[in-house]
*Asks:* 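Sharing a structure with you now.
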There are 2 protein chains.
Amino acid sequence: MPKDKTIKRKDQITLIAQNKFREKGYRAVSMRELADHVGIEAASFYNHFDSKESILKEICFRMADEFFNRIEIVINEEKLPDKILEKAIESHIKVITANTDASAVFFLDWRYLSEPYLSEFLELRRKYENIFRKIIKEGMDKGLFEKLDETFTVLTIFSSLNWVYEWYDPKGRFTPDQIAENLSKLILDGMRK
Amino acid sequence: MPKDKTIKRKDQITLIAQNKFREKGYRAVSMRELADHVGIEAASFYNHFDSKESILKEICFRMADEFFNRIEIVINEEKLPDKILEKAIESHIKVITANTDASAVFFLDWRYLSEPYLSEFLELRRKYENIFRKIIKEGMDKGLFEKLDETFTVLTIFSSLNWVYEWYDPKGRFTPDQIAENLSKLILDGMRK
DNA sequence: TTGATTAACTAACATTTGTTAGCAAAGATA
DNA sequence: TATCTTTGCTAACAAATGTTAGTTAATCAA
């Protein structure tokens with residue numbers, strides 16, 4: 001069988017898994033239930049994935065990649081802390097709204113990863129948060145942002161951003177751009193000197 | 001056996017359950033694992049609870065009660081929208097920081113409730129959110145807050161508040177009061193006209 | 001055309017799951 | 001003292017779980 005057809009099936013499984021994991025939570029979805037939705041037998045999964053957990057791994061680390069790829073572009077393009085933060089927020093929101101199912105898994109079900117993947121995942125998250133922390137510190141040092149606790153500020157920013165997957169509706173009132181704009185305004189106005 | 005001793009045991013189970021559910025997620029904690037930590041056999045739970053799910057129910061609805069009890073006091077005491085919002089935020093943070101384990105279950109594991117409890121739970125949550133929505137609408141109408149989308153604003157406020165259980169540390173740098181104060185400032189400055 | 005690979009199947013496995021039945025001891029109530 | 005209730009136990013059950021073994025048909029590369 002051609003390589004691309006294989007990839008298609010694997011992606012199809014990942015897509016359906018994302019959707020079911022999001023709906024019911026990773027632990028509440030059995031291989032047999034997943035199989036029903038894909039249209040194969042549970043045992044057939046093992047031609048594509050090593051284990052149930054490896055499907056979860058795929059989803060979580062793929063999302064991490066997305067976040068990193070996007071933010072790296074922002075960092076290389078912008079130079080001023082407040083402008084970088086604005087663009088970083090936009091980048092983050094774009095990734096979430098473009099992958100709401102995967103986001104739910106990324107934000108809720110990562111905890112079911114076993115070692116060493118759990119540690120690897122947490123390390124990636126820490127790195128990503130540090131990018132934001134650095135931006136904020138620079139903004140404070142340059143007198144653009146009010147001097148608040150960095151960790152506290154970063155946590156609060158991520159809190160408001162990371163909840164968007166829960167209520168974002170592609171057919172709803174707000175476009176991803178509008179959400180990013182509103183959040184940027186709310187957050188930056190709260191921070192600005 | 002005396003009634004109060006019964007209540008003690010039930011509370012002890014709830015406390016340990018909260019802790020384990022928080023640590024591993026409701027679905028990942030078995031009755032036998034829970035039993036080990038309580039120091040009884042799994043079957044003995046059924047002298048105190050009808051089912052595993054009824055432990056979850058207890059935790060979720062007890063937290064809902066806490067949130068409502070606290071906020072009602074605030075509403076009866078304060079009259080100005082920005083002052084009410086400030087006090088409401090404080091109230092919310094106090095409940096979370098005083099019950100971090102239960103909060104984690106309340107925010108993450110409620111989805112494993114089955115009907116009709118799931119609907120009942122969601123209805124309570126909706127009611128609670130509406131209290132905040134009303135405060136914000138009043139603030140906007142009176143020209144205290146900038147006119148933004150109410151739903152959007154409420155969701156963003158809750159996002160930042162509801163994440164606190166995740167990082168709050170009783171032995172850490174911030175007291176619940178300081179957290180409430182910082183969040184109030186960040187949020188209200190972002191909203192104020 | 002031959003041989004290897006891919007992806008599906010059926011059947012079964014060992015565990016783990018929540019839960020029930022039946023029983024015993026301890027304390028409360030009369 | 002006699003009875004009832006509470007709370008624990010052991011043993012077991014039926015269902016669900018992730019996974020493996022073994023097989024088969026189709027497709028690709030030589």
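Order of the sequence lines fixes the chain letters, A, B, ..., with proteins taken first and strands second; residue numbering starts at 1 for each chain.
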*Asks:* Is there a side-chain contact between A/Met63 and A/Val95 (heavy atoms, below 4.5 Å)?
*Replies:* yes

*Asks:* Please report, rounded to the nearest Å, how far the P atom of D/dT19 is from the NE2 atom of A/His48.
*Replies:* 15 Å

*Asks:* Quick one: A/Lys8 NZ to C/dT6 P, roughly how many Å, whole number?
*Replies:* 18 Å

*Asks:* Mark yes or no for whether A/Ser159, through its side chain, and A/Leu155, through its backbone, hold a donor-acceptor pair below 3.5 Å.
*Replies:* yes

*Asks:* Mind listing the closest non-hydrogen atom pair of A/Ile40 and A/Arg9 along with its distance?
*Replies:* CG2-NH2, 3.2 Å

*Asks:* Could you tell me how far apart A/Arg9 (CZ) and C/dT6 (C1') are, to the nearest whole angstrom?
*Replies:* 12 Å

*Asks:* Do the side chains of B/Arg62 and B/Asp11 get close enough for a salt bridge, i.e. N-O under 4.0 angstrom?
*Replies:* yes

*Asks:* How many Å lie between CG on A/Asn47 and P on D/dT20, as a whole number?
*Replies:* 12 Å

*Asks:* Expressed as a whole number of angstroms, how long is the span from A/Lys52:NZ to C/dT16:P?
*Replies:* 16 Å

*Asks:* Of all of residues 38-46 of chain B, which get a heavy atom below 4.0 angstrom from DNA chain D, listed by number?
*Replies:* B/Ile40, B/Glu41, B/Ala43, B/Ser44

*Asks:* Looking at side-chain heavy atoms only, is the closest gap between B/Ile55 and B/Phe21 below 4.5 Å?
*Replies:* yes

*Asks:* Does anything in residues 22-30 of chain A reach DNA chain D, meaning a heavy atom under 4.0 Å, and if so which residues?
*Replies:* A/Val29, A/Ser30

*Asks:* Can you tell me if B/Arg22 and B/Asn19 form a side-chain donor-acceptor pair at under 3.5 Å?
*Replies:* no

*Asks:* Closer than 4.0 angstrom, basic N to acidic O: yes or no for B/Lys94 and B/Asp177?
*Replies:* yes

*Asks:* Measure CZ/B/Arg32 against P/C/dT20 and give the value in whole Å, please.
*Replies:* 13 Å

*Asks:* Separation of A/Asp36 atom CG from D/dG18 atom P, in whole Å?
*Replies:* 13 Å

*Asks:* Between A/Arg126 and A/Glu123, is there a side-chain N and carboxylate O pair less than 4.0 Å apart?
*Replies:* yes

*Asks:* Does the cation-pi check pass for A/Lys52 over A/Tyr26, that is, NZ or CZ under 6.0 Å from the six-membered ring centre and within 45° of its axis?
*Replies:* yes

*Asks:* Please give, in whole Å, the distance from D/dT17 P to A/Glu33 CD?
*Replies:* 8 Å

